[in-house]
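Since the structure comes first, as structure tokens, the remarks are kept for the end.
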Amino acid sequence: MGVARGVTAAIVLILMGQQAVAAELAQSASVPQAGAAVTEWPNPWQVRLRALGVITEDSGYVNAVPGSDLSYSNTVTPELDISYYFTDNIATELILGTTYANIEGQGAIGALGNVGKLWLLPPTLTLQYHFTNFGAFKPYVGAGVNYTIFYNQHAGSADALKVHNTFGTALQVGFDYMVDQHWGVNFDVKKLFLKPDFDVTVDGAKQTGKAELDPWLIGAGVTYRF
């Protein structure tokens, strides 16, 4: 009887020990240990602030004037953009910035000199693909649409000038180099295909034409991922 009781007690202790170990393992699996890495889905929002060089194509024409041409001033301006990541690879970006342009007559209308000056606001929305297999170096490509608003328009040698708001398309390539989880540096190149129509009045005669701006937007700045 004593042997039987001893064997029974030993079996009970073994079973209780197994249950305790199982419970401890389950608790260890459910509660992260101190210092252990915890994998979380990153915040999908990101912002960038860039200095942006705007370089135009210097082309255009007045419809009724053969040999007419136009050129536009290049500028540097700040740019803010806001990105939202649907996945690690797919994001959308809203690009915000404003700048001005002086319009100069060229070719057959070169004698006009400065035709006028205006400001433009070209918000651009792109869909991007981000490459994620290069570590801290994160290149991307994008394409999207643009709607440019022309405001504060002032005639120079012309009597009156009106450039019409218009839609355009955009292509984009760039990269972020992330210094840590949140901060990085950015370089970005965009091409806008932008050809607004305009009305101009010179010496009382009203004319129409097209300004083929098609600017390159070359920017560098900082990235912050929330």
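For the pair Asp159 (side chain) and Gly204 (backbone), a donor-acceptor distance under 3.5 Å is present. Counting only distance, with no hydrogens or angles, the side chain of Thr126 and the backbone of Ala143 share no donor-acceptor pair below 3.5 Å. In this structure a side-chain-to-backbone donor-acceptor pair under 3.5 Å is missing from Tyr72 to Pro215. Here the side chain of Thr124 pairs a donor or acceptor atom with the backbone of Pro122 at under 3.5 angstrom. Under the 3.5 Å distance criterion, the side-chain polar atoms of Ser157 are matched with a main-chain donor or acceptor of Leu112. Listed for the Glu93 side chain is no donor-acceptor partner under 3.5 Å among the backbone atoms of Ser83.
Looking at heavy atoms from C-beta onward, Lys206 lies in side-chain contact with Thr201 at the 4.5 angstrom threshold. In this structure the side chain of Arg225 reaches within 4.5 angstrom of the side chain of Tyr85, judged on heavy atoms. Inter-residue side-chain proximity for Gln172 and Asp188 is flagged as met; some heavy-atom pair is nearer than 4.5 Å. Residues Leu192 and Leu217 meet the side-chain proximity criterion, which asks for heavy atoms closer than 4.5 Å. Thr92 has its side chain within reach of Phe86: a pair of non-hydrogen atoms, C-beta onward, lies under 4.5 Å apart. You'll find the side chain of Tyr61 stays beyond 4.5 Å of the side chain of Asp69, heavy atoms only. A 4.5 Å side-chain heavy-atom check between Leu121 and Pro123 finds at least one atom pair inside the cut-off. In this structure the side chain of Pro196 never reaches within 4.5 angstrom of the side chain of His164, judged on heavy atoms.
Phe175 is connected to Ile218 through a chain of hydrophobic side-chain contacts under 4.5 Å among Ile, Leu, Val, Met, Phe, Trp and Tyr, so both are in one cluster. Residues Ile82 and Tyr224 are members of one and the same hydrophobic cluster, defined by side-chain heavy-atom contacts under 4.5 angstrom among Ile, Leu, Val, Met, Phe, Trp and Tyr. Note: the hydrophobic cluster containing Ile109 also contains Leu161 (ILVMFWY, side chain heavy atoms under 4.5 Å, direct or indirect links).
The aromatic rings of Trp45 and Tyr84 sit perpendicular to each other, their planes meeting at more than 60°, with 30° as the lower class boundary.
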* To do: Evaluate the criterion side-chain contact (heavy atoms from CB on, under 4.5 Å) for residue pair Leu52 and Val76; output intermediate values, then yes/no.
  => CA-CA 5 Å; Leu52 189 70; Val76 176; over 6 Å; no
* **Evaluation steps, side-chain contact (heavy atoms from CB on, under 4.5 Å), between Leu120 and Thr98** => CA-CA 6 Å; Leu120 56 153; Thr98 188; 5.9 Å; no
* To do: Evaluate side-chain contact (heavy atoms from CB on, under 4.5 Å) for Val62 paired with Phe198, printing each intermediate quantity in order.
  => CA-CA 9 Å; Val62 177; Phe198 66 84; 4.2 Å; yes
* Using the side-chain contact (heavy atoms from CB on, under 4.5 Å) rule, take Trp216 and Val189 through it: C-alpha gap first, then chi angles, then the decisive distance, then the call. => CA-CA 7 Å; Trp216 289 94; Val189 177; 3.8 Å; yes
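Taken to the nearest 0.5 Å, the CG atom of Asn63 stands 4.0 Å off from the OG1 atom of Thr208. Taking CG of Leu194 as the reference point, atom OG1 of Thr148 lies at 4.0 Å (rounded to 0.5 Å). In this structure, the separation between CD1 on Ile103 and NE2 on His154 is 12.0 Å, given to the nearest 0.5 Å. Atoms OG1 and CG, on Thr223 and Asp176 in that order, are 3.5 Å from each other to the nearest 0.5 Å. Atom CD1 of Ile90 is separated from atom CG of Leu127 by 6.0 Å, given to the nearest 0.5 angstrom. Remark: Met178 CE to Asn186 CG distance equals 10.0 Å, nearest 0.5 Å.
In terms of heavy-atom proximity, Ala108 sits nearest to Ser68 at CB-N, 3.9 Å. Between Val200 and Ala158, the shortest heavy-atom distance links the atoms CG2-CB, 3.6 Å. Minimum interatomic distance between Gln153 and Val163 (heavy atoms only, all atoms of both residues): OE1-N, 2.6 Å.
More than 12 non-hydrogen atoms from other residues, nucleotides or ligands lie less than 6.0 angstrom from CG of Asn152.
For Arg50 and Phe187, the positive end is not near the middle of the six-membered ring at less than 6.0 Å and at most 45° from its axis. Figure legend: cation-pi geometry between Lys117 and Tyr100, with NZ or CZ positioned under 6.0 Å from the six-membered ring centre and within 45° of its axis.
Between Asp214 and Lys195 there is a salt bridge, with a side-chain nitrogen of the basic residue lying less than 4.0 Å from a carboxylate oxygen of the acidic one. Salt bridge status for Glu79 with Arg48: absent, with no side-chain N to carboxylate O gap under 4.0 Å.
In this structure Lys210 satisfies the side-chain hydrogen bond (donor to acceptor under 3.5 Å, both in side chains) test together with Asp197, sequence neighbours excluded.
Side-chain rings of Tyr177 and Phe137 stay apart, their centers remaining 6.0 Å or farther from each other. Aromatic ring centroids of Phe150 and Trp119 lie 6.0 Å or more apart.
Between Phe193 and the options Leu171, Asn146, Leu213, a side chain to side chain contact (heavy atoms under 4.5 Å, CB included) holds for only Leu171. Under the side chain to side chain donor-acceptor pair (under 3.5 Å) test applied with Thr75, the options Asn102, Thr99, Thr56 reduce to a single match, Thr99.
For the residue pair Ser71/Gln106, the side-chain donor-acceptor check at 3.5 Å is satisfied.
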